[in-house]
Enquirer: 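Before I ask anything, let me first share the structure, which is written out below as structure tokens.
Each ligand, and each atom within it, is numbered from 1 in the order the structure gives.
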Amino acid sequence: MKVSVKVPATSANIGPGFDCLGLALPIYNTITIEETVLPGTGIEINLMSEGEEVIDEMIFDNIPRDENNIVYKAVEMLYNSIGQEPSELKINIQSQIPITRGLGSSAAVVVGGLIAANKLLGSPADETALLSLATEVEGHPDNVAPAILGGFVLASQEDDGSIVYRKLDWPEEWDITVCIPDFELSTNIARSVLPAEVPMQDAIYNAKHLAMLVHAVTTKDEKLMKTALHDKLHQPYREKLVPGMKEIMEAFKHEDGVLGCVLSGAGPAMLVISHKYDLDKIKSTVKDIWEGQSVKVDIRTLKVEQQGAVILD
Ligand code: HSE
């Protein structure tokens, strides 16, 4: 038996929502898991890139193809949770989501692997259990939750390990321009530059802005959103890892119609959120800044993907 699952890319944080907000985007990975009948074939893991991004090929080479593969680990954990061991498995990953760009490629493969394996096992795990398992393996509920549910999601891992999550409404009329530079940044490195402690004033700043953001999206308040989309907990520290980031943020600061510009997840991709604003102008501004620093960039204006991971027939 063989099951394929299509999972969307995700963008975590959205400015002040560090480690708790994320949204799904219409770029997909498809994960297929097949329980092979031939004994002794072990695990076979195949990775296929569907994008034109040749730069990803080298990164693909560094992805483990054995029991250390993150998808296999997730699948094994699910089997173990019901007292079973995985049999011989063939895992195919068709990837459109650029890797190490802050677009949730690892959350997508973990979620896809878990949902496919769950189906193979007769669906013993419900949505909450899958979310917990995926977070345990991947570490970021702000990517995992929108990958499973689609849409714009608030997700928090509580101190007891449980995940609290709710879907929020993202205003359909707000455009999201995703700007993906041709350099990579691993989440580990992007987290290593964060301080262990922050000044109380910065924590208060983010709490205020996150509250504003939730109200702004719920009431479609563009003016409030423009104030809300500021953060002091992660972006200022990550700026040094993303050449051009500061200039891009500066460039849109005083533009009416651009609600804000944020790092996508741990970066280096960036999102420009706008309302009734010239999208070509966004593209050319970002392109000029990044290309001026010899960085190639792939820019796409996308809608939030409302559908989360889906099992393909
Ligand atoms: N919230 C996480 C971070 C997302 O910014 O480090 C990682 O994908």
Side-chain angles (χ1 to χ4, degrees), residues 7-25 27 29 56 59 63 70-71 74 95 97-112 114 131-132 134-150 152-158 161 163-166 168 176 178-181 183-198 202-203 205-207 209-210 213-214 229-242 245 249 260-271 273 304-305 308-309:
V7 191
T10 47
S11 179
N13 302 329
I14 323 294
F18 182 52
D19 277 355
C20 67
L21 285 181
L23 50 78
L25 292 167
I27 309 172
N29 279 359
D56 280 344
I59 306 171
I63 295 175
I70 193 168
V71 182
S95 162
I97 304 173
I99 296 174
T100 55
R101 298 299 193 284
L103 291 167
S105 62
S106 66
V109 293
V110 166
V111 162
L114 278 174
L131 192 43
S132 294
T135 303
E136 206 176 322
V137 178
E138 205 275 336
H140 304 289
D142 45 343
N143 287 111
V144 162
I148 293 180
L149 303 165
F152 180 44
V153 184
L154 169 66
S156 158
Q157 182 160 35
E158 295 297 289
I163 316 286
V164 172
Y165 61 100
R166 294 288 184 276
L168 306 171
I176 300 178
V178 185
C179 311
I180 313 167
F183 59 89
E184 47 178 297
L185 174 57
S186 82
T187 303
N188 285 346
I189 292 175
R191 288 195 87 89
S192 73
V193 297
L194 303 179
E197 289 173 5
V198 294
D202 290 357
Y205 183 93
N206 264 57
H209 286 77
L210 178 53
L213 189 152
V214 171
L229 277 173
H230 291 102
D231 146 76
K232 287 194 178 177
L233 290 187
H234 69 109
Q235 293 180 151
Y237 303 102
R238 289 172 163 172
E239 223 170 64
K240 57 176 177 260
L241 301 174
V242 184
M245 172 178 162
M249 284 179 151
C261 181
V262 294
L263 205 55
S264 177
M270 299 190 70
L271 305 185
I273 299 163
V304 171
E305 170 57 272

Enquirer: Which atoms of ligand 1 are found less than 4.0 Å from any heavy atom of Gly265?
Expert: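 Listed by number with element, the hits are 5 (O).
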Enquirer: Side chains of Ser156 and Glu158: any donor to acceptor distance under 3.5 Å?
Expert: yes
Enquirer: To which of Asp19, Thr10, Asn143 does the heavy atom nearest atom 1 (N) of ligand 1 belong?
Expert: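 Nearest heavy atom to atom 1 (N) of ligand 1 lies in Asp19.
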Enquirer: Without hydrogens or angle criteria, can the side chains of Gln157 and Thr135 be said to hold a donor-acceptor pair below 3.5 Å?
Expert: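 Result is no, nothing qualifies.
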Enquirer: Can you spot which of Thr10, Val178, Ile97 makes a side-chain contact (heavy atoms from CB on, under 4.5 Å) with Leu25?
Expert: Val178
Enquirer: Does ligand 1 have a heavy atom under 4.0 Å from the side chain of Asp142, from its backbone, from both, or from neither?
Expert: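 Asp142 to ligand 1: side-chain contact only, backbone stays beyond 4.0 Å.
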Enquirer: Rounded to the nearest 0.5 Å, what separates atom SG in Cys20 from atom NE2 in His140?
Expert: 13.5 Å
Enquirer: Have a look at ligand 1 and work out which part of Glu138, if any, has a heavy atom under 4.0 Å from it: side chain, backbone, both or neither.
Expert: neither
Enquirer: Checking the N or O distance criterion of under 3.5 Å, is ligand 1 in contact with Asn13?
Expert: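 Among all N and O atoms of Asn13, at least one is under 3.5 Å from an N or O of ligand 1.
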Enquirer: For atom 6 (O) of ligand 1, what's the nearest protein heavy-atom neighbour? Residue, atom name and distance, please.
Expert: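 It is Arg191 NH1, 2.6 Å.
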Enquirer: Give a yes or no on whether the backbone of Leu233 and the side-chain of Asp202 come within a donor-acceptor separation of less than 3.5 Å.
Expert: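 Checked: no pair found.
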Enquirer: Using 4.0 Å as the upper bound for N to carboxylate O, is an ion pair formed by Asp19 and Arg191?
Expert: yes
Enquirer: At a 4.0 Å threshold, what atoms of ligand 1 neighbour a non-hydrogen atom of His140?
Expert: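 What qualifies from ligand 1 is 2 (C), 4 (C), 7 (C).
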Enquirer: Just jot down the ligand 1 atoms closer than 4.0 angstrom to any heavy atom of Arg238, in number order.
Expert: 3 (C), 5 (O), 6 (O)
